[in-house]
Student: 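Please find one structure pasted underneath; my questions will follow.
So you know, we letter chains A, B, ... as the sequences are listed, proteins then strands, and number each from 1.
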There are 2 protein chains.
Amino acid sequence: MDDRRDMALAMDRLLAHGHAVTPQRRLVAQALRDAAGPISAQELSAALEPGRGIGQMTVYRTLALLADAGVAYQIAATDADRHLARYVFCSGSHHHHLVCQTCHAVLEVGGCGMESVDRDVEQRTGFAGVGHHLDFVGTCPACAAVASGEGH
Amino acid sequence: MDDRRDMALAMDRLLAHGHAVTPQRRLVAQALRDAAGPISAQELSAALEPGRGIGQMTVYRTLALLADAGVAYQIAATDADRHLARYVFCSGSHHHHLVCQTCHAVLEVGGCGMESVDRDVEQRTGFAGVGHHLDFVGTCPACAAVASGEGH
DNA sequence: TCGACTATGAGAATGATTATCAGTGAGGAG
DNA sequence: CTCCTCACTGATAATCATTCTCATAGTCGA
């Protein structure tokens with residue numbers, strides 16, 4: 001497995017963006033990567049309590065830094081919860097996230113072919129530097145099975 | 001122009017979703033439709049002050065209702081601003097929004113061809129009822145011109 | 001028109017996020 | 001080796017969008 005590789009790459013990206021690599025930032029990134037699903041800053045802070053008392057201020061700042069460096073991504077489709085920002089760890093190259101509406105599990109989805117769509121939108125609108133912000137939502141097989149089983 | 005048509009359709013959708021049509025909801029929907037760009041609940045509330053004193057509670061509730069009925073859409077790409085929900089008016093059928101990073105102007109973009117991508121994601125992941133949440137960001141021609149002109 | 005049911009809105013409460021600022025540590029210059 | 005600089009950290013306090021409460025008022029179906 002490429003556990004080490006993930007973290008090394010993430011830290012490299014931090015450096016590339018002019019941010020220092022500190023033990024706290026490493027721990028936050030690890031906790032984010034090891035999270036089961038999209039996780040909020042406060043949940044991360046709580047998850048880190050046992051090992052080290054990392055201030056929530058640091059968690060918020062680190063998440064913003066990681067997002068800036070492309071290592072973390074803030075999920076948009078948080079319909080269920082209130083106004084709460086949730087993040088997921090992003091390892092490789094361009095991809096998107098498929099979130100289960102019920103259990104909030106997250107799957108990375110690659111090969112969306114949106115690059116050509118970006119170009120097409122540029123052509124049609126005259127906008128420059130068009131990028132996109134895309135999440136998928138759905139029901140994962142496990143939750144779908146439970147739902148159909150409960151159906152009276 | 002189909003000003004009347006827009007509003008009538010919007011109110012019909014509210015009714016179809018089991019929500020009553022009230023003067024306040026009509027005014028909120030109109031203000032949302034007439035807004036220059038993505039607008040927050042508080043800005044809407046302020047914009048409505050002169051004519052009628054509509055409580056901000058009503059504005060929040062109405063926006064949620066309109067979003068539920070498909071008449072309003074909550075923009076995801078609010079990178080610039082803080083944790084603030086912004087909405088745009090949605091008239092017709094399925095489309096997406098292209099937001100200028102600089103002036104926040106919004107353009108509706110149709111024909112994204114994402115329906116087939118949804119099906120493809122379902123096939124590949126086993127998830128059911130896959131939908132998507134997509135915004136485009138870029139720089140509009142006017143802002144691009146200003147930026148290049150300012151470049152020293 | 002009538003009645004049941006839903007919407008409204010002022011005020012207070014909630015709670016996630018951000019600002020402040022003194023203390024800490026790493027790294028370079030002398 | 002020592003001093004200096006500068007970014008990072010984190011406890012506390014402040015901010016501010018959003019939600020709750022509940023008495024009043026309005027809407028829709030019959």
Student: Return whichever of A:Gln56 or A:Arg61 has its heavy-atom-nearest nucleotide of DNA chain C closer to the 5' end.
Tutor: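 Of the two residues, A:Gln56 wins.
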Student: Could you check whether any side-chain heavy atom of A:Gln24 comes within less than 4.5 Å of a side-chain heavy atom of A:Thr62, counting everything from C-beta outward?
Tutor: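 Counting from C-beta outward, A:Gln24 and A:Thr62 never come under 4.5 Å.
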Student: What is the separation between atom CE on A:Met57 and atom C1' on D:dG10, rounded to the nearest whole Å?
Tutor: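 Distance check: A:Met57 CE to D:dG10 C1' gives 9 Å.
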Student: Considering heavy-atom distances to DNA chain D, does B:His19 or A:Ala20 have its closest nucleotide positioned more toward the 5' end?
Tutor: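 Result of the comparison: A:Ala20.
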Student: Separation of B:Gln24 atom CD from D:dT24 atom P, in whole Å?
Tutor: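 My rounded result for the distance is 18 Å.
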Student: Below the 4.0 Å mark, does C:dG25 have OP1 or OP2 next to a side-chain nitrogen or oxygen of A:Thr22?
Tutor: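 So the side-chain polar atoms of A:Thr22 never come under 4.0 Å of the phosphate oxygens OP1 or OP2 of C:dG25.
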Student: Just the rounded figure in Å: distance from P of D:dC8 to CG of A:Leu66.
Tutor: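 One finds 13 Å between P of D:dC8 and CG of A:Leu66, rounded.
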Student: Of the options D:dA17, D:dT27, D:dT9, whose atoms approach the side-chain atoms of B:Pro23 most closely?
Tutor: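 Nearest to the side-chain atoms of B:Pro23, counting from C-beta on, is D:dT27.
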Student: Where does the angle between the aromatic ring planes of B:His19 and B:His17 fall among parallel (under 30°), tilted (30 to 60°) and perpendicular (over 60°)?
Tutor: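 Parallel: the ring planes of B:His19 and B:His17 meet at under 30°.
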Student: Atom CZ of A:Arg25 and atom P of C:dG25: how far apart are they, to the nearest Å?
Tutor: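 So the two atoms are 16 Å apart, to the nearest Å.
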Student: Honestly curious: do A:Val121 and B:Leu107 fall in one hydrophobic cluster under the side-chain, below-4.5 Å linking rule?
Tutor: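 Both belong to a single hydrophobic cluster.
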Student: Could you give the CG-to-P distance, from B:Leu65 to C:dT6, as a whole number of Å?
Tutor: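 So the two atoms are 13 Å apart, to the nearest Å.
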Student: Please report, rounded to the nearest Å, how far the P atom of D:dG26 is from the CG atom of B:Leu14.
Tutor: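 Distance check: B:Leu14 CG to D:dG26 P gives 20 Å.
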Student: For B:Leu27 and D:dG26, what is the distance between atoms CG and P respectively, to the nearest whole Å?
Tutor: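 Roughly 15 Å, once rounded to whole Å.
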Student: Check the distance between C:dT18's C1' and B:Leu84's CG and give it to me in whole angstrom.
Tutor: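 These atoms are roughly 14 Å apart.
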Student: Distance check: side-chain N/O of A:Tyr60 vs OP1/OP2 of C:dT18, anything under 4.0 Å?
Tutor: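 It does not, given that no N or O in the side chain of A:Tyr60 lies less than 4.0 Å from OP1 or OP2 of C:dT18.
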Student: Is the side chain of A:Glu122 donor-acceptor paired with the backbone N or O of A:Val130 at a distance under 3.5 Å, no angle test?
Tutor: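 It does hold such a pair.
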Student: Taking the six-membered ring for Trp, is the centroid-to-centroid distance between A:His96 and A:Tyr73 below 6.0 Å?
Tutor: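 No.
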Student: Among C:dT17, D:dG10, C:dT8, which nucleotide has an atom closest to any side-chain atom of B:Thr58?
Tutor: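 Among C:dT17, D:dG10, C:dT8, the one nearest the side chain of B:Thr58 is C:dT8.
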